[in-house]
Each structure stands twice: as C-alpha cells, then as structure tokens.
K.L.:
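Sending over a structure as structure tokens; questions will come in a sec.
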Protein chains: 2
Amino acid sequence: MHSPVGIRDVAEHAGVSPGTVSNVLNRPEKVSAATRAKVEAAVRELGFVRHGSAATLRAGHSKTIGLSVIDIGNPFFTDVTAGVEEVASDLGYAVILSNSAGSRTKEERNLLVLAEQRVRGVLITPSDEDPTRLDRLRERGIMVVLVDHPAHRPDQCSVAVNDIAGGTTAVTHLRSGGATSIAYVTGPLTIRQCIDRRAGAERALGGAELRVIEMAAMTPRAGQQAAAKMIAEGDLPDAIFCANDLLALGMLRGLTHAGIRVPDDVALIGYDDIDFAAASAVSLTSIRQPTHQLGRVATELLLDECDHPDTHAHQQIMFQPELVIRESTR
Amino acid sequence: MHSPVGIRDVAEHAGVSPGTVSNVLNRPEKVSAATRAKVEAAVRELGFVRHGSAATLRAGHSKTIGLSVIDIGNPFFTDVTAGVEEVASDLGYAVILSNSAGSRTKEERNLLVLAEQRVRGVLITPSDEDPTRLDRLRERGIMVVLVDHPAHRPDQCSVAVNDIAGGTTAVTHLRSGGATSIAYVTGPLTIRQCIDRRAGAERALGGAELRVIEMAAMTPRAGQQAAAKMIAEGDLPDAIFCANDLLALGMLRGLTHAGIRVPDDVALIGYDDIDFAAASAVSLTSIRQPTHQLGRVATELLLDECDHPDTHAHQQIMFQPELVIRESTR
DNA sequence: CCACAACTTTGAAACGTTTTTCTAAGTCGG
DNA sequence: CCGACTTAGAAAAACGTTTCAAAGTTGTGG
C-alpha cells in the first residue's frame, strides 16, 4: 500500500546509524564524503521521502509558511502570491494559502489552522487594524510579516506601499485634468488601504469636499452597482477615483452601459494597475504598485527572520506607487 | 517565549488523562458531557492549540491537501483556487499551494515537498501527460484528483471541461461569421488543453487547414508577440482563435496597436471567459468554463475520497463549455 | 610508540499526539 | 443482591524523526 520506508530502513540499507542519515539530510557537511554517498544512494534506491511531520515535531519548527490574503480573486493579491510562492519554493518552503475573503471570522479560523500546522511564519494582509491576533501568533513563536500594511511598531517587519501618497497622486492628477467635483468609490472603510487612499485624496483636495461611496466589496460587480447608484441619484461628478481597478472596471462598464462617456463626461482612475487595466474598453489610468516585488520582499524578510533570527533586523519597507496615465483620464 | 502548552497540561488542568483530552478533541461523542465541558474550559483557559505535526505523525495522515497549478497568475487558475480554498477551509483542511509555472522540474520538486508534508491528497493540473509522478504519489497513499484534465483510467477522479467541444464551438462560431482562413494561437503544444482545443478546431474545419502559431507562454505578452509576428509575416487570417483569454487580450492589444480593427479586419475569440474578457477594449467573445465549480467539485471529490475511502466511487466528471458572444466577433 | 586533538559515527532519549488495551464504575434483569 | 453487560476514563505504547553526549577512529608531533 503506502511506503513505510523510514530513516532507519535507509540507515540499515546503507550500513550506518539513523543519526548519520539524519545528518546527511540536514547537515551534509558534517559527514564524510564516502558515507554521504552511501546514504544518498540508499535514499535513492529505497525511494525514501522524509516524514515532514516527524521532523517538525522533533525539531520544533516546520518548513512551511502561511499566507493570508483578503481576496484571492483579486489580481493584486494573485501577483503578490506569485511572488511569495517563487521565493518560498526556492528556499524549500511550502506555502499554505488562506483567503480571509474580508471576513474577520474566517481570517481567525484560518490563522488557527496555520498555528496548528506550526507554520514557521505568516505573511498576512490583515483585514483590520486589531493587532491582538497577530500578537498571539508571535507569542507562539510564529514570525509575522505584514504585507501591504505598514507596521506601527519597530519590532516587526512589514512591506507596504504608500497609499496616502497614491491617493494624493490620483486626485491631484484628476484635478490637473480640470475636475472640480470628485467622487471616491471605495470598499469597506474598515480596510486600511481604503482609508489611506481616501486620506490621500482629501489631502489633495485641500478642504474641498470628497464625495464618498462605500461599497461592501471591491469587485467589478460592486463597481457596476456603484455606477448604477450614482446614476440613479442623478448628479455625476466630474471625476471618479476608485479604490481599486476591479471597482474601476465595473464602474467603467456601468457608466458605458448607461451611455456616459469616459473620459469625456466623467474621468476615471483606478488603483493597482493590474494587467487588465491597460486592456479595458477605455484603457484605465491607474496607480501602479510593485505587487510582485511586494510578495518577494515580504517573503525574503520572513524567511530571513526564520533562518537567521539572531542577525535579523526588522524592517518596515514602504514602496512608492506610480501614476500610469491612460485614456480614462485624457 | 513560545507556548509549550500541550495536551498533557490541559489534561492536568482539567483533572483527566491526556487520552481523554484527545477524545474530546477528536471524538467528542465518546466522552461524557461533564468531562467534555471541563476539558473544553481548560483548553480555552490555557490557550491550547493542538500540535498538528504530532497528530499527523501518530495518526498517519494530515489535514492538508496540496494544490498544484500551472500558472497562478492566470485568472482561470485563480478562480479554481478560490473554489478549492472555499471547500477545503470549510472542512477544516489547509491548502498548500504550489505553482509549477509550466516547468516539469518545478512541478516535480513541488510534489516532493507535498509528499514530505504528507498531504492527504493532491489536486493537480498536470503540466504533461506522463502519469508516473502521480502513480508514485498514489503508491504513497496520497489521493490524487486531476483538475482540468480528464483521467484516462477508471481508478482515479478527475474534473475537466470538454476542450475538444470548446475548440469546435469556437471555430464553428468563427466560420458562421464568414471566416475562411483561421489561425490558432496557442501555448506549448505539450499542454493537453492546447492540444485538445486544436483538435476541436480542426474538427470544425473539416479538412481545411488551420494555421497554428505556437507560443512558449500563455500570457498577454505572448499574445502581443504573436500579433507582432503575424503582422510581420504579412498575411493575416480572417479570424483568430486564441487558446486562452490572456493570449487573446494580448493579441487584441497587438492588433489594435498596429491599426488592425477587431472584428472588422480580423475576428477574435478567446477561451476561459475570465472576468476581464468582458471589460476589454473590444469586449472579447470567449468560451466560458465553470472555473469556480471546477475547483469546488474537484475538492469535494478529493475530500470524499480522503474521509470515506470505502464508500468512495471514482468519478470522471466532464463539464461542457459555453460560447459567450461579444463584440470581437460581431 | 604514546598522548592528544580533530573529526566521524553511534545510540538513546526526546518531541506531542493518537490509539489500543484494560480497569473501574455503573446499570439492569432475574 | 449477584453476575452479565455497558460505559468512562486511565495508562502506556507507538509514530519517524532530530539531537546530543559519548564512543570510536584517524592523524600528528614529540
């Protein structure tokens, strides 16, 4: 049936002790070239595969990390995930993926599963500001790196993009195009990104009022609903700033469908610059973030913290977003 | 530092034996209501979290499954992944994600990691036809369900979509629009999906020649390159069938950029009907697949096989794709 | 030729659960 | 009130690794 070939079978087959096999597996430099070769041959012949759980149990730490994102369907997070997977897999770590889908309950449940699996560390885009869940993880010896969320404290790593600057850039761009009344279509204002982008937008407005339309989700569907709502209410702004490209794409479809022209009647700007922003009906002006990089750097920080806990220096990295101008604001 | 609170601490605190605590955790019905309450209280007070590796080691099987996809950046796989994560997380399973990125070497390495983690089962979209890797897994007692790939054998589960029918539908649609010369832009012809869609296309053509342009990747970038190549070579077909929407989107951009109008000069059809197909510059006709469903059903089959190995009946499920007509073929 | 250092290898004790066997304590019909 | 039956809980033996002290093996200089 299944293969009960353990480290002791290998040891026997190679004529050494189990301890030596373990050394070959984990500290090859500690063992002489001759025995190493013998053991490696035995491993190959017997098709031995180390039992990770046993190793984890004994060693006290595993070769897995957790990744908790808010919406796996959003290309932004997909790109981050791809970056994470790349470097984790390069360093021999497995990635356990969990999707909080914006629900705090689900996030909590997922973190429990991760804790049970004794992941070495967790990369998380927290769904709210409350740090107690993460502190609890840290108490358990699980490293935590915040992704797309700046750390407020110096004793933890984080990788983020300056969303306030991004919001300011977006609205400044809209104003420079002549817009005077500007609406901000956003996801839940419990999400830091949405809050910061609004703050940045308000800063760029310098006192003038920002009309805020808050949706429950940040999907194309929600964007389309927002469009319907604004049209129904009758007074359209000169320009719309959407908190992400998914909302913007939905908004674009909703507006176009109602015969409202972008950018002639309303200018539109999104956020994230996902691949598809450039390919949309009216190509979308957006705020680009170094997504892939975000995932890579976060993982590098986490694994550095895991593998070299003594030399590791916590870092709070903040990338700057970049304006990409396309048709939707011309 | 970290929390060494184990099952025996809980037992002591609750005044019972470790075995009883284990029973409360795993077979609550086997223990009297009173002791159960005591134990549960102790668990809560001590903040006990079960050590998954120890459980796995002793029990011989884990609460994790592996998911191996070909391109995590492709919305098709993202949707599948979301479906997988949903049902796995519902049933208390953790999902280990790995991305083969089309590389057989990487896929193999990832499967090894999954085997080491002693995942209960693996959901995989294989990057080629060779079944030996998967047989090796099965020998180890790891269940395998093929995703987006029909099983050739009755002793394994699979969930797929009829790609031959999809290819036929696509090309039939193009011909009914008046196209006579048709090109097929595809990813590597080692990938089953690409092969089958071509076969379907050829069937619809009934002997007429299908011009095949094979690219190394199935990304927007590759699509754009394909466009450049076709334009450089000078003779454009009446219609282009792309093996996925990513290619089609890139193709669309490449054509538009060169001043070629879609659908007036060339009709264009994609495959997958990702969310963004509807939002593109010229909205994209595509072949829709029940992606989310694919992930859900595959996971349900896998977990059924894991949790009820005796009553489980292997199934090879084949969904039918659906034509979605938009501007790019009008 | 010996003492000592440097390097290898061994053997046994963990790691924290689950599982199986067994004992003690109830329960019930005759 | 006694034996047969049921049930709750306890005790101890795994599971397959890693780790660490100790033993063994070489090699070197005096």
K.L.:
For nucleotides 13-22 of chain C, just jot down a letter per nucleotide in 5' to 3' order: B, S or -, based on protein non-hydrogen atoms under 4.0 Å.
P.N.:
BBBBBBB---
K.L.:
List, one per line, each side-chain donor-acceptor pair under 3.5 Å for residues 304-312 of chain A, sequence neighbours excluded.
P.N.:
from, atom 1, to, atom 2, distance (Å)
A:Asp304, OD2, A:His312, ND1, 2.6
A:Asp307, OD1, A:Tyr93, OH, 2.8

K.L.:
Taking side-chain hydrogen bond (donor to acceptor under 3.5 Å, both in side chains) as the definition, give me every residue that meets it alongside A:Arg104, ordered by chain and number, with sequence neighbours left out.
P.N.:
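By the side-chain hydrogen bond (donor to acceptor under 3.5 Å, both in side chains) rule, A:Arg104 matches A:Glu108, A:Asp128, A:Asp130.
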K.L.:
Mind checking what makes side chain to side chain contact (heavy atoms under 4.5 Å, CB included) contact with A:Asp79, not counting sequence neighbours?
P.N.:
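Counting only residues at least two positions away or on another chain, A:Asp79 forms a side chain to side chain contact (heavy atoms under 4.5 Å, CB included) with A:Thr291.
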K.L.:
When you measure from the side-chain N and O atoms of A:Ser32 to the phosphate of C:dC7, is any distance below 4.0 Å, counting only OP1 and OP2?
P.N.:
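So the side-chain polar atoms of A:Ser32 never come under 4.0 Å of the phosphate oxygens OP1 or OP2 of C:dC7.
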K.L.:
Is any side-chain heavy atom of A:Val147 closer than 4.5 Å to a side-chain heavy atom of A:Val159?
P.N.:
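A:Val147 does not reach A:Val159 side chain to side chain.
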K.L.:
Could you tell me the separation between the CD atom of B:Glu29 and the P atom of D:dG9, rounded to a whole number of Å?
P.N.:
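So the CD-P distance, B:Glu29 to D:dG9, works out to 13 Å.
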K.L.:
Tabulate protein N/O versus nucleotide N/O from nucleotides 24-27 of chain C, keeping only pairs under 3.5 Å, one per line.
P.N.:
none

K.L.:
Give the table of side-chain donor-acceptor pairs shorter than 3.5 Å for residues 5-18 of chain B, with sequence neighbours excluded, one pair per line with atom names and distance.
P.N.:
from, atom 1, to, atom 2, distance (Å)
B:Asp9, OD2, B:Gly6, N, 2.6
B:Ser17, OG, B:Gly19, N, 3.4
B:Ser17, OG, B:Thr20, N, 3.4
B:Ser17, OG, B:Thr20, OG1, 3.3

K.L.:
My understanding is that only residues two or more places apart in sequence, or in another chain, count here; which of them pass side-chain hydrogen bond (donor to acceptor under 3.5 Å, both in side chains) with B:Ser103?
P.N.:
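Scan of B:Ser103 (side-chain hydrogen bond (donor to acceptor under 3.5 Å, both in side chains), adjacent residues dropped) gives none.
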K.L.:
Does any non-hydrogen side-chain atom of A:Leu114 lie less than 4.5 Å from one of A:Ser98?
P.N.:
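Yes; the side chains approach each other to less than 4.5 Å.
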K.L.:
For the helix from C:dC1-D:dG30 to C:dG30-D:dC1, measure the angle between the helix axis at one end and the axis at the other, each built from five pairs, rounding to 10°.
P.N.:
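Taking five pairs per end, the axes differ by 40°.
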K.L.:
Can you confirm whether A:Ser62 sits close enough to A:Gln117 that some side-chain heavy atom of one is under 4.5 Å from a side-chain heavy atom of the other?
P.N.:
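Counting from C-beta outward, A:Ser62 and A:Gln117 never come under 4.5 Å.
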K.L.:
Give a yes or no answer on whether the side chain of B:Ser100 reaches the backbone of B:Glu107 with a donor-acceptor pair at less than 3.5 Å.
P.N.:
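Checking the backbone N and O of B:Glu107 against the side chain of B:Ser100, no donor-acceptor pair under 3.5 Å is found.
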K.L.:
With a 4.5 Å limit on heavy-atom distance, are the side chains of A:Ile124 and A:Leu137 in contact?
P.N.:
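They are not in side-chain contact.
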K.L.:
Report the residues that fulfil side-chain hydrogen bond (donor to acceptor under 3.5 Å, both in side chains) with B:Arg136, sequence neighbours left out, ordered by chain and then residue number.
P.N.:
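side-chain hydrogen bond (donor to acceptor under 3.5 Å, both in side chains) list for B:Arg136, sorted by chain: empty.
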K.L.:
Is there any salt bridge (charged side-chain N to carboxylate O under 4.0 Å, His left out) pair reaching into residues 34-62 of chain A, and which pairs are they, with sequence neighbours excluded?
P.N.:
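Qualifying pairs: A:Arg50-B:Glu116.
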K.L.:
Test of understanding: with side-chain hydrogen bond (donor to acceptor under 3.5 Å, both in side chains), list the residues that count as partners of A:Ser68, not counting sequence neighbours.
P.N.:
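side-chain hydrogen bond (donor to acceptor under 3.5 Å, both in side chains) check on A:Ser68 returns nothing, list empty.
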K.L.:
For DNA chain C, what residues of residues 109-116 of chain B have any heavy atom nearer than 4.0 Å?
P.N.:
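Correct list: empty, so none.
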